[in-house]
Amino acid sequence: MAVALVAAGAAWGQVAPADYARSEGLREAWMYLTKDVADPAHWIGNTSEFVYRKTVPGGFAFVVMDARTGQKRPAFDHARLAAGLGKAAGATYTALRLPFTDVLFSGDQSAITARAADALWRCRVSDYVCAAMPAGRGGQPRGFGVVRDLTVPADNTPKRSPDGRWEAYVNNFNVVMRPAGGGSVTILSRDGSPDDFYDPESIVWAPDSKKLAAYRVRPGYHRVVTHVESSPADQLQPKTTYQFYPKPGDPVDIDRPVLFHVEPVKQIAIDDALFPNPYLMSRINWRRDSATFTFEYDQRGHQVYRMIEVDAQSGKPCVVAGDEMKTFVDTFSSRTFHHDVNGLGDEVIWMSERDGWNHLYLYDGHAGKVKNQITRGEWLVREVVRVDDQKRQIWFAAGGMNPGEDPYFQQYYRIDFDGRNLTPLTTANAYHDVAFSADMAFYVDNYSRVDLPNIMELHRAGDGALVKEVERGDIADLTAAGFKPPEVFVAKGRDGKTDIWGVIVRPRNFDASKKYPVVENIYAGPHGSFVPKTFWPFGFQSGGDKVIGMQSMADMGFVAVQIDGMGTLNRSKAFHDVAWKNIADAGFPDRILWHKAAAAKYPWYDASRVGIYGGSAGGQDTLLALLFHPEFYKVGVAYAGCYDNRMDKIGWNEAWMGWPLDESYSASSGVDNAWRLQGHLLMVVGELDENVDPSSTLQVVNALIQARKDFDLIVAPGLGHTALRSSGPIDYGLRRQYDFFLRHLAGLTPPDWNAVSPVTPLGR
């Protein structure tokens, strides 16, 4: 939205349109002022080369480096690629502003693929001719992974046996097979029906080609959300669209594994006592010797998670490894992992939070019992990177192991299966992103902090020795332009012991003699932690747009902050469990104490004037802050919130609020508690929100009207979940956010925007 700027008048207090324009344009003004700040590296196939993107004056460049020779070269001709991709996509790109952040080289490096303009493109390096790659069928869609969309046929391409003799598929809801290439059909099952059918996409042959297994499915509920596009670009009348959208409490698909022998033909039923009420069943996985197959069972309610093994002769199942929790087993946040040692199942590596921290365990695969705990301590495993069965070693990322270090910093380690020889691979006090070469000869370590530009190093994997510093970020020009990194601030949480971490962003014209109102940027989804930990403030790495967004907010005359309270990820199990059946908590007791600690340290920090804003789960958190803590949070701007967990998608909400649905859903509901509103609230929703049912916002509106409450609402026509935050006329959304906090938190009068010189409407 172009704005004709006018001089500030007395009625506008201390804020003029030019102040808005400066904040709204900050990202573009600062984005290209760094040099040699590198994104994480990606190794090219099985070669000794890796590719990465780094900043150069005016934009970005892709570089390839050979780890063995240390030589660097441009990854491709950037200008020719920009021209070739632009021609294919019908767009205009420049060499330093290519529309992607990652590239994938083909095995012979004759072509690259990259995602841009909502498509995947393949470009030949010889002549830079680009073409969109076919989307591929991708299998039958599933609503949030748990209900098959039966309006779309499943992929029934015959599955050929490993020896090439047979192919299996589904006919009339049953599994059948025939000789490869055609011939008489052998019926393997006769119990399939429309209401209890075999899924052709689930058929998996045993390696010996003598057996196969598949899931028989009792379908769940096909819930549909209706969207009305009020103002389509191509017609006057509204359009109606429909979205497949299972919600909490809806019946999900019930998958039951069935075993088949080929010669002689035999169907073997599998007792489901060990997996009676599935929320989700993983893909069937045959062991290398064809003696057993396995699958993971996530029980509805997410309190039981098991790896089940089935004997291929008898069909008898047993539990290889598993967890049962009084709260939740976190199957949502990549906190599950298992590895069959040597692919035979004699031993299994299993990830679990059973001792209060996320750790690795070595199981006896036959006895179903723990042989030894591999990792232990008051720190957590964040990711398993590589397992070497021959050396009996594990490479993994962890957080919180180093005393005195930010517990959210990710470091990398190697350890033996028996828990001995724990070896740190990264040591710098920073957040590390490591990529290992395919042969495990080298790794590239890219590390940074919010106050430390990225440093990229090449190391030997065997002993961790530094081979070469690849890049070192230079932010001199950015600093000269006024950039200052956020201040990391730590205070004790509600228990008086646990450290709560956050950041503080001051306005660029900060004056310590003044008193500043505070605006908190909140996102308290239990599936992650959200305070930025890496340097890049502009949105392409972890923590990105939050920093530049908070700086823009602060420059309007506020102190902007972000905090990770209890109930979020990447700390202890107890820290995380605060969210269990209690989304409304959102770490607010910890956040409020953090604010008060900052105010106690800094006289300019006004904890009597605190506002809050956020989107999606952060939108929900924003509303809940005003409803349940009106004595502290005075003003809120909530974007696209899932205000009642019964209205939102099934997976995210049942993961934390549980199943079956109970009174805890109402206790955390922004609808049922809307009557509590005391502060000033602005809600923003896109009418085509594909992530959260937009009716969730309107139900809050209805409840507020019924309670005779005052509030503000923007319904954005034609926009989705990121409406007025990071898509569409974003400057309009930011302007309204700034207006709201200036008026209700700072006590200033924003410009009269309707009196500003007219401009051409957007899209005309």
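Just so it is clear, the model here is predicted, and its values are computed rather than measured.
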*May I ask you to say whether Arg494 pairs ionically with Asp590, meaning some side-chain N is under 4.0 Å from a carboxylate O?*
yes
*Would you call Asp672 and Arg646 a salt bridge, using N to O less than 4.0 angstrom?*
yes
*Is there a donor-acceptor contact under 3.5 Å linking the side chains of Gln299 and Tyr297?*
yes
*Charged N-O contact under 4.0 Å between Lys247 and Asp693*: yes
*Donor-acceptor side-chain pairing of Asn446 and His432 below 3.5 angstrom*: no
*Which class fits the ring pair Trp580 and Phe328: parallel under 30°, tilted 30 to 60°, perpendicular over 60°?*
tilted
*Side-chain donor-acceptor pair under 3.5 Å between Ser333 and Asp330, yes or no?*
yes
*Is the cationic atom of Arg190 (NZ for Lys, CZ for Arg) positioned less than 6.0 Å from the six-membered ring centroid of Phe173 and within 45 degrees of its normal?*
no
*For the residue pair His339 and Phe337, does the interplanar ring angle fall in the parallel (under 30°), tilted (30 to 60°) or perpendicular (over 60°) class?*
parallel
*asked:* For Arg283, is there an ion pair with Glu296 - N to carboxylate O distance below 4.0 angstrom?
replied: no
_Pair Asp389 + Arg392: basic N to acidic O under 4.0 Å_ = no
*Starting from the C-alpha separation in whole Å, work towards a yes-or-no answer on ring-ring contact (aromatic ring centres under 6.0 Å, His included) for His527 and Phe530.*
CA-CA 10 Å; His527 60 284; Phe530 307 99; 5.6 Å; yes
*Compute the centroid of each ring, for Trp350 and then for His359, and state whether the two points are separated by less than 6.0 Å.*
no
*Kindly determine whether Lys371 and Asp418 satisfy side chain to side chain contact (heavy atoms under 4.5 Å, CB included), including the steps that lead there.*
CA-CA 9 Å; Lys371 294 178 67 173; Asp418 60 8; over 6 Å; no
*Passes side chain to side chain contact (heavy atoms under 4.5 Å, CB included), Asn285 versus Glu309? Steps please.*
CA-CA 9 Å; Asn285 178 59; Glu309 176 187 271; over 6 Å; no
_Under a 4.0 Å threshold between the charged nitrogen and the carboxylate oxygen, would Arg256 count as salt-bridged to Asp272?_
yes
*Do Gln373 and Asp355 get their side chains close enough for a donor-acceptor pair, meaning under 3.5 Å?*
yes
_Test ring-ring contact (aromatic ring centres under 6.0 Å, His included) on His721 and Tyr639; report intermediate values, then the result._
CA-CA 8 Å; His721 191 56; Tyr639 295 90; over 10 Å; no
*asked:* I'd like to know if the side chain of Gln410 pairs up with that of Glu383 as donor and acceptor (distance under 3.5 Å, no hydrogens or angles considered).
replied: no
*Using the six-membered ring wherever Trp is involved, compare the ring planes of Phe436 and Tyr443 and label them parallel, tilted or perpendicular (cut-offs 30° and 60°).*
tilted
*Indicate whether the side chain of Gln267 and that of Asp191 have a donor and an acceptor atom separated by less than 3.5 Å.*
yes
*In sequence, state the C-alpha distance, the side-chain angles, and the governing distance for Val384 and Leu360, and then conclude on side chain to side chain contact (heavy atoms under 4.5 Å, CB included).*
CA-CA 9 Å; Val384 176; Leu360 300 175; 3.8 Å; yes
*Taking it one step at a time, do Ser572 and Glu378 satisfy side chain to side chain contact (heavy atoms under 4.5 Å, CB included)?*
CA-CA 8 Å; Ser572 69; Glu378 293 188 355; over 6 Å; no
